[in-house]
Amino acid sequence: MNVELLSGDPLRIRIPLLIVPVPRTEGPPKGFPADADAYVGGRLAFSLESRSFLAKEEETLLLFGKGDEGPERIAFIGAGKPEELGPETIRKILGRAVRIAEGLRITRLSAWLDPDWGLSSFVAAQTATEGAVLAAWRFKELKTQDEPDEEGSQVKELGLFLNGDPQEVSNGIRVGLAQARGENLARTLQNRPGNLATPTHLAEEARRIGKEGGLQVTILGPKEMEKEGMGALLAVAQGTEEEPRLIILEHRGGGPEDPPLVLVGKGLTFDAGGISIKPSLGMEQMKFDMSGGAAVLGALQAVAEMDLPLNVVGIVPSSENLLSGKAVKPGDVIRTREGKTVEVINTDAEGRLILADALSYAQTFNPAAIVDCATLTGACVIALGHAASGVLGTDPELVRQLQDAGDRAGERCWPLPLWKEYREQLDSSVADLMNVGGRPAGTITAAAFLREFVG
Ligand code: MG
Ligand code: ZN
């Protein structure tokens, strides 16, 4: 999608569709919605007054303009209460705008955003871009035919009318594009099924990302893992024909001595559960068990595109978790890279095993911080539903920073405790620790397990 800053009077520029957000306030429209209302003959005020349009979040009123100059149509989109207006409101409005354009089979639209909403023009431009580019994403690469009704419905151009420093706006667009493209890459990789998105495939994608973004790429295969003593990652991989990979991407935008931020992501390309097999209902969803790894690859692509002045390393341990005569069994004891021994109680708790070796390997970069993202436990969804990700950490300040970042990105994180009592649930009678700690606090004991491998 091409996104650009437009100048001039939005009501005097010919465009198929103009988006005008309307905050939910008492009385007739104010500010720029009022100007747009005059253009559509006062029908916005009429709709508000007659309560056929309440300006609730994402509620839409589509009206046709009069005359030959100016927009052909205006979509007024509810922005909700002004005091609740934030970056996520703008993303949602632009997401809705893209859906409206698709429904009208329009490929160009513009949006008129108010400078007085308490958001900087940088944030407004960034979040508008993100909302549109994320909404326009489709996973169609495996369909051989387009849906006939979808023809001509791909939004290609977005213009923004936004008062403010043009340099700030264009920076916002640049950052928004990089972040949304990174997210869309993650979504594409997530949606590729297990027979296509194998560990080898993720490694190839990492090489492509590295080449395009000027990142250093290192890929470890089984031989290198053996040399590294990665017995946990290899134990998970021993039950499948697909070779595991450890993917390392390095962005060196900071000083040569600056310790890097290391992002680690679980790249389990299909999780059948191993010998502790999962029920078959919904098992196809287990192609998504590499989502943490996909997020890290997308993040590194965005970091490279923005050329952040930081050192950032992405590490993705990748394997399948299947069943075979060679698969790891409940009761097996394995030796991790860190040297600690683990009694495998449940082979479906494999994410923490591959991550244990990846986190141990992350130490070799002498990191400033490590952030590990994973679809690690169903228990986390039981605790927080789909409204937030659980965040567990050894550094309260870093946990707070992640929460803040999540709020800005519209991706909430919520902290869970990591008290030492939980570690006792992992005590093993034959090894240093077990890979599961029973049903109570399943998310926390998973984090307690990982903590053993970060020094
Ligand atoms: Mg599992
Ligand atoms: Zn898993």
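This one's a predicted model, so the numbers in the text were calculated from it and none came from an experiment. Ligands are counted one by one from 1 in listed order, and the atoms in each one are counted from 1 as well.
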SB check Lys266 Glu350 (cutoff 4.0 Å): yes

The Zn ion (ligand 2) to nearest N/O/S of Glu350 below 2.8 Å: yes

Name of whichever N/O/S atom of Asp289 is nearest to the Zn ion (ligand 2): OD2

Gly273 near the Zn ion (ligand 2) via N/O/S, less than 2.8 Å: no

Basic-acidic side-chain contact under 4.0 Å: Lys92, Glu88: no

Side-chain ion pair, Glu58 and Lys56, N-O less than 4.0 Å: no

The Mg ion (ligand 1) - closest N/O/S atom in Glu350: OE1

Steps toward salt bridge (charged side-chain N to carboxylate O under 4.0 Å, His left out) verdict (Glu250, Arg252): CA-CA 6 Å; Glu250 293 175 61; Arg252 296 285 168 187; 2.8 Å; yes

2.8 Å cut-off met by an N, O or S atom of Asp289 to the Mg ion (ligand 1): no

Which atom of Asp271 approaches the Zn ion (ligand 2) most closely (N/O/S): OD2

Heteroatom of Asp271 nearest to the Mg ion (ligand 1) (N, O or S, atom name): OD2

Donor-acceptor pair, side chain of Arg352 and main chain of Asn435, under 3.5 angstrom: yes

Test: Glu226 and Lys223 ion pair at under 4.0 Å: no

